[in-house]
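None of these values were measured; they are calculated from a predicted model. Just so it is clear, the values below take in all heavy atoms, side chains as well, and ignore hydrogens, waters and symmetry mates.
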Amino acid sequence: FEKDNKPFAVFYAEISTQPSAERLCHLLLCYRDYFPTLLFGKFDNTTRDLIADVCNLSSASLNDITYFYQNASVTPHETSGTLLLQFEQTPRTLDLNNKMLALTFDDGPSEYTDKILQILVDHSAKATFFVNGTHVTEYPDTVRNIFTQKCEIGNHTNLHELFSHNTQGIIRKSIEKTNKKVRNVIGIGTFVVRPPGGETLDRHQKPVTLGYPIVRWSLDTLDYTENQTPASLLAAIQTNVRHGEIILMHDTKSVTAETVNSILAYLDTQNFQLVTVSELLEFASDGAIADRVYNNTYSAD
């Protein structure tokens with residue numbers, strides 16, 4: 001909402017479980033970079049500490065109405081619970097009426113991920129990295145760096161298990177194993193899942209239900225195929241890109257690391273805002289819904 005022409009992101013939450021607390025963290029992470037953020041409601045100290053740590057929100061008491069009013073510049077609310085605030089100047093701007101898209105990188109982290117991440121930082125851009133659990137174990141510092149630089153970490157299973165080769169029970173176990181590994185590094189698990197190969201059916205040809213949004217893509221750069229060059233990767237984007245796109249790349253490929261700077265420079269000239277998948281779905285769609293398959297934000301499943 002707005003007061004005195006100043007927008008705020010305001011949330012009220014009643015949290016009683018760890019999954020709900022983590023889901024709220026992911027939602028807050030979508031907003032904290034773009035809007036002064038205010039959260040109040042009823043949740044325990046464990047939840048409060050998790051949100052404060054993961055989302056860098058500061059805690060205050062709702063009983064201190066003066067503090068609440070002066071810092072938020074909003075009408076005081078009559079409620080009990082904990083208040084978490086973030087009022088530092090937001091580091092990024094976002095025009096909800098302008099073009100945005102999500103770059104995604106699969107199969108990492110790898111030796112190339114930190115280079116790609118630094119290029120994103122240099123362009124004030126964000127992306128989503130769909131990680132494999134085995135590589136999280138191998139590159140924990142890189143996973144932490146992705147999160148510290150305010151990009152998103154998505155789930156790409158533990159061993160790149162194809163859905164069509166496994167039962168739903170095995171797939172869920174793999175995803176939760178990766179979640180646990182990510183949680184051990186950054187404090188929360190993942191929220192969005194990318195099925196390896198884009199498959200959404202299990203070995204029995206049944207749609208996989210995971211309890212997470214399932215993210216595919218609408219623009220494939222084909223960076224994983226042979227004989228790709230920086231020129232061919234850039235051309236794939238220049239030819240096809242539009243608002244609401246989810247773009248597939250791989251941070252395990254040297255050609256991708258070589259081309260990211262040119263890709264970002266081109267997208268800058270076209271006035272695209274580069275956001276995470278969760279931000280794209282939150283701000284350009286109807287939010288991220290569990291078990292819905294997303295290819296982009298401009299067409300149905």
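Hydrophobic cluster membership is shared by Phe129 and Leu103, with clusters built from Ile, Leu, Val, Met, Phe, Trp and Tyr side chains linked at under 4.5 angstrom. Residues Ile153 and Phe105 share a hydrophobic cluster, clusters being chains of Ile/Leu/Val/Met/Phe/Trp/Tyr side chains in contact below 4.5 Å. Hydrophobic clustering (ILVMFWY, side-chain heavy atoms < 4.5 Å, transitive): Leu222 and Trp217 are in one cluster.
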*asked:* Using the rule given for side chain to side chain contact (heavy atoms under 4.5 Å, CB included), can you reason through Asp202 versus Thr167, listing the C-alpha separation, both sets of side-chain angles and the distance that settles it, and then say yes or no?
replied: CA-CA 6 Å; Asp202 71 3; Thr167 64; 5.5 Å; no
_Using side chain to side chain contact (heavy atoms under 4.5 Å, CB included), reason through Lys126 and Glu152 one step at a time and then give a plain yes or no._
CA-CA 8 Å; Lys126 289 190 181 186; Glu152 181 174 25; over 6 Å; no
*Evaluate the criterion side chain to side chain contact (heavy atoms under 4.5 Å, CB included) for residue pair Phe43 and Ser20; output intermediate values, then yes/no.*
CA-CA 10 Å; Phe43 33 87; Ser20 295; over 6 Å; no
*Evaluate side chain to side chain contact (heavy atoms under 4.5 Å, CB included) for Met249 paired with Ile116, printing each intermediate quantity in order.*
CA-CA 11 Å; Met249 292 185 285; Ile116 292 172; over 6 Å; no
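Scanning for ring-ring contact (aromatic ring centres under 6.0 Å, His included) contacts around Phe130 gives an empty result, with sequence neighbours left out. Partners of Ala13 according to the side chain to side chain contact (heavy atoms under 4.5 Å, CB included) rule, which considers only residues two or more places apart in sequence or in another chain, are Ile15, Leu24, Leu39. Remark: Phe163 engages no residue in a ring-ring contact (aromatic ring centres under 6.0 Å, His included) (not counting sequence neighbours).
Using modelled atom types, one finds a donor on one side chain and an acceptor on the other under 3.5 Å when comparing Thr142 with Asp114. Looking at His250 and Asp223, their side chains do bring a donor and an acceptor atom within 3.5 Å of each other. Side-chain contact of His135 with Asp107: a donor-acceptor pair under 3.5 Å is absent, judged by distance alone. Using modelled atom types and a 3.5 Å distance limit, the side chains of Thr104 and Arg194 yield a donor-acceptor pair. In this model, a donor atom of one side chain and an acceptor atom of the other lie less than 3.5 Å apart for Asp122 and Gln118. If you check the side chains of Thr46 and Asp49, you find no donor sitting under 3.5 Å from an acceptor.
Because its NZ or CZ atom is both nearer than 6.0 Å to the ring centre of Phe191 and within 45° of the ring axis, Arg23 counts as a cation-pi partner of that residue.
Taking the six-membered ring where the residue is Trp, Tyr12 and Phe40 present perpendicular rings, their angle passing 60° and hence far from 30°. Taking the six-membered ring where the residue is Trp, Phe35 and Tyr31 present tilted rings, their angle falling between 30° and 60°.
To the nearest 0.5 Å, atoms CG (Leu219) and CZ (Arg242) are separated by 10.0 Å. Interatomic distance, CD1 of Ile246 versus CG of Leu101, reported as 10.0 Å (0.5 Å rounding). To the nearest 0.5 angstrom, Leu274 atom CG is 12.0 Å from Glu245 atom CD. Here the CD-OH distance, from Glu258 to Tyr112, works out to 8.0 Å after rounding to the nearest 0.5 Å.
By the 6.0 Å contact criterion, NZ on Lys99 is enclosed, its count of non-hydrogen atoms from other residues, nucleotides or ligands being greater than 12. For Lys177, the NZ atom is loosely surrounded, since the number of other residues' heavy atoms within 6.0 Å does not exceed 12.
The shortest side-chain heavy-atom distance between Gln168 and Thr209 falls under the 4.5 Å cut-off. Considering only heavy atoms from C-beta on, Thr113 stays 4.5 Å or farther from Tyr139 through its side chain.
Smallest separation of non-hydrogen atoms from Ala284 and Met100: CB-SD, 4.1 Å.
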